[in-house]
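All ligand and atom numbering here is 1-based and tracks the order in the structure.
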Amino acid sequence: LLTRYEDVQRLLRDPRLGSQTLEGLDERLPGLEPRQRSALSRFYGTWLSLSDGPAHEGLRRSIAPLLAPARVAPWTPALADRAAALAPAADPARIEATFARPYAAAVVGAVLGLTAPETADALLATAGLVRVLAAPRVSTEHAAAAVAALATAGDLARLAAGRAPGPGPVPLLHGSDLPEDVLVAVFVQLLAGGYDPLARCITACAQALVADAPDRADGLRGFERARVDDLIRLHGPFELVPRIVTEPVQLGDRTLEPGQRVLLAIGSANRDESRFPDPAAVRTDRPTHLAFGSGRHRCPAAGLASAAVAAALAVLPRP
Ligand code: HEM
């Protein structure tokens with residue numbers, strides 16, 4: 001478990017540490033026909049967060065244009081509209097259920113070009129697919145549900161990519177020329193990577209703001225982006241990033257050996273006082289942090305996520 005900023009940042013960028021692997025997934029998918037099993041293996045095999053090396057670089061290259069600043073920037077007013085539409089229902093005492101989750105769903109659905117019912121179906125399918133990865137042992141029932149979820153996700157991904165855009169900003173997957181299986185994997189990962197982290201981050205930032213300044217005259221309004229970024233440093237949704245050592249790595253007087261599992265504590269690194277003096281204070285003059293990771297797996301949607309958090313915090317009501 002590595003906790004210092006310097007170590008965590010260095011190892012996030014070190015190619016000798018790989019991401020979680022998919023070894024043994026086939027044996028963990030009971031009761032499926034070979035065709036179903038290989039469809040699922042192919043699907044998980046194109047996941048960014050589960051791949052490394054040239055395959056990962058290729059995937060990153062194909063999604064980079066979808067999340068380029070020029071594609072994301074036009075969404076900023078649309079995010080503000082969605083936040084404003086949901087703000088009246090926000091109860092500061094139950095911010096996650098009454099605002100953060102509905103808003104995060106609205107954001108990922110909108111940027112993918114889905115209607116609200118389609119977003120709900122897509123998030124359910126995503127949850128079914130993620131469950132298989134997270135579980136140490138998968139039941140026959142869950143494996144079969146993942147097969148059905150993959151079919152639903154495929155239909156919705158093709159629908160989202162092929163649908164003529166409406167009057168607002170162009171949805172991220174619109175007109176994409178990604179190969180079909182990569183398209184489905186990217187679609188599911190944007191939902192998986194987007195919805196839950198965004199909801200948790202907004203909840204934590206909003207709760208911290210309420211706790212720190214319950215009677216500020218401007219409530220939670222008027223936060224400039226640098227302050228939002230520093231809130232994300234403190235309240236990012238990921239505490240630990242897991243890695244597996246693939247080649248020996250010298251770290252001080254210790255050697256990390258191949259096969260060893262390492263947890264990179266980005267939450268702790270973001271509070272390392274040698275980089276962030278008075279780490280608990282929210283300031284606008286901080287150096288870069290690790291809430292979005294660093295190196296080749298760094299969150300490809302960091303710009304979109306920051307804009308979405310900023311839009312949410314700008315409209316939340318005072319407690
Ligand atoms: C405040 C919200 C968010 C935070 C703090 C966050 C943070 C992160 C972090 C730390 C990683 C790197 C994990 C690693 O190194 O293994 C990551 C990866 C990723 N994130 Fe985000 N994320 C957020 C929102 C989003 C959103 C909105 C999307 C998509 C719409 C997204 C999509 C992804 C994807 C696809 C990856 C995998 C990248 C790869 O492995 O190459 N994230 N995110």
Side-chain angles (χ1 to χ4, degrees), residues 2 8-9 11-15 17-22 44 46-53 55-64 66-68 71-72 75 79 100 103-114 119 122-123 126 130 133 160 171-173 178 182 185-206 225 228-244 261-267 269-270 288-313:
L2 291 155
V8 173
Q9 204 247 13
L11 291 186
L12 280 170
R13 304 181 78 90
D14 193 320
L17 273 78
S19 57
Q20 193 188 332
T21 66
L22 281 173
Y44 292 119
T46 45
W47 269 45
L48 285 157
S49 51
L50 300 174
S51 54
D52 278 306
H56 179 254
E57 280 163 32
L59 286 168
R60 289 291 295 222
R61 263 198 306 278
S62 31
I63 67 151
L66 310 178
L67 291 159
R71 285 296 289 273
V72 169
W75 280 98
L79 299 177
Y103 171 72
V107 169
V108 289
V111 299
L112 289 171
L114 300 172
T119 306
L123 286 171
T126 300
V130 170
L133 287 179
L172 302 181
L173 289 176
L178 294 174
V182 178
V186 167
F187 176 79
V188 172
Q189 279 184 94
L190 292 181
L191 286 154
Y195 170 65
D196 195 60
L198 203 51
R200 288 193 288 131
C201 189
I202 291 166
T203 304
C205 290
R225 283 292 281 277
V228 171
D229 195 52
D230 208 37
L231 279 163
I232 296 176
R233 169 182 69 84
L234 284 169
H235 306 291
F238 299 106
E239 287 294 332
L240 303 170
V241 170
R243 291 285 188 266
I244 297 175
R261 287 169 187 276
V262 178
L263 289 173
L264 303 176
I266 56 176
N270 278 345
T288 51
H289 60 70
L290 299 175
F292 290 111
S294 184
R296 63 200 187 285
H297 285 282
R298 183 177 194 272
C299 183
L304 174 66
S306 303
V309 174
L313 297 183

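- Contacts of Leu190 with ligand 1, taken as heavy-atom pairs under 4.0 Å, involve both backbone and side chain.
- The nearest protein atom to atom 16 (O) of ligand 1, hydrogens excluded, is given as Arg243 NH1, 3.0 Å; this is a heavy-atom distance.
- Counted within 6.0 Å of CZ on Arg261, heavy atoms from surrounding residues, nucleotides or ligands total 12 or fewer; the atom is thus considered open.
- Atom 5 (C) of ligand 1 has as its closest protein heavy atom Pro237 CD, 3.1 Å.
- For a threshold of 3.5 Å applied to N or O pairs, the pair formed by His56 and ligand 1 contains at least one separation below that value.
- Sorted by first and then second residue, the pairs that involve residues 186-202 and meet salt bridge (Lys or Arg N to Asp or Glu O under 4.0 Å), not counting sequence neighbours, are Arg101-Asp196, Asp196-Arg200.
- Proximity of Arg200 to ligand 1 is not established, as no heavy-atom distance is less than 4.0 Å.
- Remark: minimum distance from atom 13 (C) of ligand 1 to any protein heavy atom is reached at His297 O, 4.2 Å.
- Residue contacts with ligand 1, taken as heavy atom pairs separated by less than 4.0 Å, involve Cys201 solely via side-chain atoms from C-beta onward.
- Looking at Val309, Val108, Val111 one by one, the single match for side chain to side chain contact (heavy atoms under 4.5 Å, CB included) with Leu304 turns out to be Val111.
- Closer than 2.8 Å to atom 21 (Fe) of ligand 1 sit the protein N, O or S atoms Cys299 SG.
- Nearest protein neighbour of atom 10 (C) of ligand 1, counting heavy atoms only, is Ala291 O, 3.2 Å.
- Ile232 does not count as a contact of ligand 1, since none of its heavy atoms falls under 4.0 Å from the ligand.
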